[in-house]
Undergrad: 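Could you have a look at this structure, given as structure tokens, before my questions?
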2 protein chains.
Amino acid sequence: MNRPAVPAPAEDLPSSPRRAPVQRRSRERVERMLTAAATLIAEGGSDAMRMSDVAEMAGVSIGSLYQYFPDKGAIIRTLAERYNAQGRACIAAALADVRDMDGLREAFAGLIDTYYAMFLAEPVMRDIWSGTQADKALRDIDLADSRANGAVLAEVLARLRPSADPAALATSAFLTMQLGEATVRLAISVDRAEGDALIAAFKRMVLRELCPDEERARGRSRAPDC
Amino acid sequence: MNRPAVPAPAEDLPSSPRRAPVQRRSRERVERMLTAAATLIAEGGSDAMRMSDVAEMAGVSIGSLYQYFPDKGAIIRTLAERYNAQGRACIAAALADVRDMDGLREAFAGLIDTYYAMFLAEPVMRDIWSGTQADKALRDIDLADSRANGAVLAEVLARLRPSADPAALATSAFLTMQLGEATVRLAISVDRAEGDALIAAFKRMVLRELCPDEERARGRSRAPDC
DNA sequence: CTCCTAATATGAGGATATCTCACATTTGCT
DNA sequence: AGCAAATGTGAGATATCCTCATATTAGGAG
């Protein structure tokens, strides 16, 4: 049994998989593991999720779990990265065809609503991002996600306000994305009425920041389906 | 050995201590435990802090640790609550004698700087709040803290802007406090230059939110010593 | 001073979870 | 068929939190 010097290049599992599944059989098993993990997290949270339970529910042995995920955190990170990729696509789509400040207002307010609704509806995301992350690697995933989204937003802003300093716009856009996440996390951890009020307050604050040229915002906005 | 029906009322340890220390001897031991825990967290983070290490460093047995703290999280929560109480006193002092909008601007900008500096300097706070709120109880402590601080801020705002809706001010103040914390957590997790830029961007955003009546802010601000 | 009770202190070991590893089985290819 | 690489297995090594039965100390009453 001579193992290769480098086990296998990571390709699909973002969290340094111990071994990449190459045959169809193992790819399907990995999917079953992730599905089982998501189900268990939805039921009782990621703390309550035990590796032995994941293995049993997925119909594999503990050993197989550790063939593809170096540790428990890696499963959670993989799920997180999948949800985040979804969110990034959603944000990029919503901001893609923004043409003016009013369009940005509408798109952004809609994005906040969409994110809020997603967190309310998805118990897995809710658990993983609730509070924050016990795991440094998870925080890095979160940061990278916000940076990517912030870059998209910054580009739109730069288009709409060519006179503004690009570096300042980038900082502002990154901060906006992080604070949006923080607000949504806060909103889902209090009762519904207060959560709604907090979301509304954040919208006011952030739209005033994004569009400082025009003084009084008006009008409502709608969420894009996503 | 007949134990009392109710062990003892919690008085100083906020996290449901198993037993309240009544004699001087035990009060001093509890302090030693907390000091040891803080030292260990500063060294390697709260995850790396082992209960056996805390006991050894404090010069007590494992059993004694569990006499006063029901679990590992309780030690961390006790430390967190102490730091928070310090922060609350600081915020209340800084906002106490605000008389006008300019004063609020200055006081608030100074508070943000102070918080930022505190987090940068205090490795224990940095670890405890650095995202790692794996513990629901810790999050609740954080929320209660922000609510208390938000109430102080809301009161000041109500004084300065009597015409505004009190409920809206309360929501806005609470959100402001939470987002301030989120910004500081973010700022300390990136490099210093970017952190400074993020803090500056947040100040701009939040001062525009707090003082919407006057259009352009000006001037710099100073931190109160605290 | 003595005695008694409540408070306090102790640490071996129970409980539970993650993760390893030596070995067994399956797949794909020639 | 035959072989090598990929994949699968689960008992148990390891680590940490926490319990509990027992021992020791403090402080007041007589």
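Numbered from 1 within each chain, the chains take letters A, B, ... in sequence-line order.
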Undergrad: Taking the side chain of R25(B) as its heavy atoms from C-beta onward, which of dA9(C), dT18(C), dC17(D) lies nearest to it?
TA: dA9(C)
Undergrad: Report the distance from atom CD of E81(B) to atom CD1 of I128(B), rounding to the nearest 0.5 Å.
TA: 11.0 Å
Undergrad: Take W129(A) and V184(A) through the test side chain to side chain contact (heavy atoms under 4.5 Å, CB included) and record every step on the way to the result.
TA: CA-CA 10 Å; W129(A) 295 125; V184(A) 169; over 6 Å; no
Undergrad: Can you measure R27(A) atom CZ to dA6(D) atom P for me and round it to whole angstrom units?
TA: 14 Å
Undergrad: Is there any protein nitrogen or oxygen under 3.5 Å from a nitrogen or oxygen in nucleotides 9-13 of chain D, and what are the pairs?
TA:
{"from": "dT9(D)", "atom 1": "OP2", "to": "R29(A)", "atom 2": "NH2", "distance (Å)": "2.9"}
{"from": "dT9(D)", "atom 1": "OP2", "to": "S61(A)", "atom 2": "N", "distance (Å)": "3.2"}
{"from": "dT9(D)", "atom 1": "OP2", "to": "S61(A)", "atom 2": "OG", "distance (Å)": "3.4"}
{"from": "dT9(D)", "atom 1": "OP2", "to": "S64(A)", "atom 2": "OG", "distance (Å)": "3.2"}
{"from": "dG10(D)", "atom 1": "N7", "to": "G63(A)", "atom 2": "N", "distance (Å)": "3.3"}

Undergrad: How many Å lie between CZ on R32(B) and P on dT8(C), as a whole number?
TA: 14 Å
Undergrad: What is the distance, rounded to the nearest whole Å, between atom CG of L40(A) and atom C1' of dA17(C)?
TA: 15 Å
Undergrad: Given the ring of F119(B), does R185(B) sit roughly above its face, with NZ or CZ under 6.0 Å from the centre of the six-membered ring and within 45° of the axis?
TA: no
Undergrad: Would you call R77(B)-D71(B) a salt bridge at under 4.0 Å N-O?
TA: yes
Undergrad: Would you say the side chains of S189(B) and R139(A) form a donor-acceptor pair under 3.5 Å?
TA: no
Undergrad: Using whole Å, what does the distance between atom C1' of nucleotide dT10(C) and atom CE of M33(B) come to?
TA: 12 Å
Undergrad: Please determine if R50(B) and E56(B) form a salt bridge, counting it only when a charged side-chain N lies under 4.0 Å from a carboxylate O.
TA: no
Undergrad: Please figure out whether K72(B) or R24(B) has its closest DNA chain D nucleotide nearer the 5' end.
TA: K72(B)
Undergrad: Roughly how far, to the nearest 0.5 Å, is NZ of K203(B) from CG of D113(B)?
TA: 3.5 Å
Undergrad: Give a yes or no on whether a salt bridge exists between R82(B) and E31(B), defined as a side-chain N under 4.0 angstrom from a carboxylate O.
TA: yes
Undergrad: Given atom CD of Q23(A) and atom C1' of dC29(C), what is their separation to the nearest angstrom?
TA: 12 Å
Undergrad: Could you work out how much the helix from dC1(C)-dG30(D) to dT30(C)-dA1(D) bends, comparing the axis of its first five pairs with that of its last five, to 10°?
TA: 0°
Undergrad: Go through the steps for I91(A) and L153(A) under the test side chain to side chain contact (heavy atoms under 4.5 Å, CB included), then give the verdict.
TA: CA-CA 9 Å; I91(A) 288 176; L153(A) 175 59; over 6 Å; no
Undergrad: Above 12 or not: heavy atoms from other molecules or residues under 6.0 Å from CD of E122(A)?
TA: yes
Undergrad: Could you go step by step and tell me if E28(B) and R24(B) meet the salt bridge (Lys or Arg N to Asp or Glu O under 4.0 Å) rule?
TA: CA-CA 6 Å; E28(B) 288 169 351; R24(B) 183 156 49 98; 3.7 Å; yes
Undergrad: Do any of residues 44-51 of chain A sit with a heavy atom less than 4.0 Å from DNA chain D, and if so which?
TA: none
Undergrad: What is the separation between atom OH on Y68(B) and atom P on dT10(C), rounded to the nearest whole Å?
TA: 10 Å
Undergrad: When the distance from OH of Y66(B) to C1' of dA12(C) is rounded to whole Å, what number comes out?
TA: 15 Å
